[in-house]
Amino acid sequence: MRVIAKRTLREYWEKHNDCEQQLKAWFREAEEAKWTSPNDIKQDYPSASIIEDNRMVFNIKGNHHRLIVRINYDYGIVWIRFIGTHAEYDKIDATKV
């Protein structure tokens, strides 16, 4: 998969260095993945949540941080839509970011 954009993750882990290794690992795994449906992602990440509009929510570092992505399965592209703490996540509408 092509993940857009690593810079978003890097800027976040520079402020929240407790999740740097987990975000780097997620990025590497996502780049190597060949996801064709949400079910493929659930096999790799059972705790990920499927939400509307081809979006997924990943729990990072024991659910202390949340990552929302939007995926185009046909083109193999993953867009990072949001990364934040669990408290920040609770203040947004995950289907709209």
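Here the structure is a predicted model, which means the values were calculated and not measured. All values below were derived from every heavy atom in this structure, side-chain atoms included, with hydrogens, water molecules and symmetry-related copies excluded.
- The side-chain contact (heavy atoms from CB on, under 4.5 Å) check on Arg81 picks up Arg55, Ile68, Arg70, Trp79, Val97, with sequence neighbours excluded.
- Legend: residues meeting side-chain hydrogen bond (donor to acceptor under 3.5 Å, both in side chains) with Asn54, ordered by chain and number and at least two apart, are absent.
- Listed by first then second residue, pairs satisfying salt bridge (charged side-chain N to carboxylate O under 4.0 Å, His left out) with a partner in residues 83-92 number zero, not counting sequence neighbours.
- Looking at residues two or more places apart in sequence or on another chain, you find a salt bridge (Lys or Arg N to Asp or Glu O under 4.0 Å) between Asp18 and Lys61.
- Met1 is listed as a side-chain neighbour of Trp35, based on a closest heavy-atom distance under 4.5 Å.
- Cluster annotation: Ile4 and Val78 are assigned to distinct hydrophobic clusters (Ile/Leu/Val/Met/Phe/Trp/Tyr, side-chain heavy-atom contacts under 4.5 Å, transitive).
- One distance of note links CG of Asn59 with OG of Ser47; it measures 4.5 Å at 0.5 Å rounding.
- Atom OG1 of Thr36 and atom OH of Tyr73 lie 8.5 Å apart (nearest 0.5 Å).
- A 4.5 Å side-chain heavy-atom check between Met56 and Ser49 finds every atom pair outside the cut-off.
- Summarising the local packing, NE2 of His64 is surrounded by 12 or fewer heavy atoms from other residues, nucleotides or ligands at distances under 6.0 Å.
- Contact check for Val57 versus Val69: no side-chain heavy atoms found under the 4.5 Å cut-off.
- Within the 4.5 Å cutoff, the side chain of Leu67 has heavy atoms near those of the Leu9 side chain.
- Thr8 is linked by a side-chain contact (heavy atoms from CB on, under 4.5 Å) to Ala5, Ile80, Ile83, counting only residues two or more places apart in sequence or in another chain.
- Legend: residues meeting side-chain contact (heavy atoms from CB on, under 4.5 Å) with Ser37, ordered by chain and number and at least two apart, are Asn39, Asp40.
- Applying the ring-ring contact (aromatic ring centres under 6.0 Å, His included) rule to Tyr12 yields the partners His16, His65; only residues at least two apart in sequence or on another chain are considered.
- Evaluation of the side-chain contact (heavy atoms from CB on, under 4.5 Å) rule for Glu29 yields Ala25, Tyr45 as partners, not counting sequence neighbours.
- The distance from atom CD1 of Ile71 to atom CG of Asp53, rounded to the nearest 0.5 Å, is 11.0 Å.
- By the side-chain hydrogen bond (donor to acceptor under 3.5 Å, both in side chains) test, Trp26 pairs with no residue at all, sequence neighbours left out.
- Contacts of Asp93 classified as side-chain hydrogen bond (donor to acceptor under 3.5 Å, both in side chains), with partners at least two apart in sequence or in another chain: Thr95.
- Remark: Glu11 pairs with Arg7 by the salt bridge (Lys or Arg N to Asp or Glu O under 4.0 Å) rule, at least two apart or across chains.
- Take Lys24 and apply the side-chain hydrogen bond (donor to acceptor under 3.5 Å, both in side chains) test, not counting sequence neighbours, and it matches Glu20.
- Between Val3 and Ala30, the shortest heavy-atom contact is CG2-CB, 3.8 Å.
- Checking side-chain atoms of Asn72 against main-chain N and O of Tyr75 turns up a donor-acceptor pair under 3.5 Å.
- Rounding to the nearest 0.5 Å places CG of Leu23 at 10.5 Å from NZ of Lys6.
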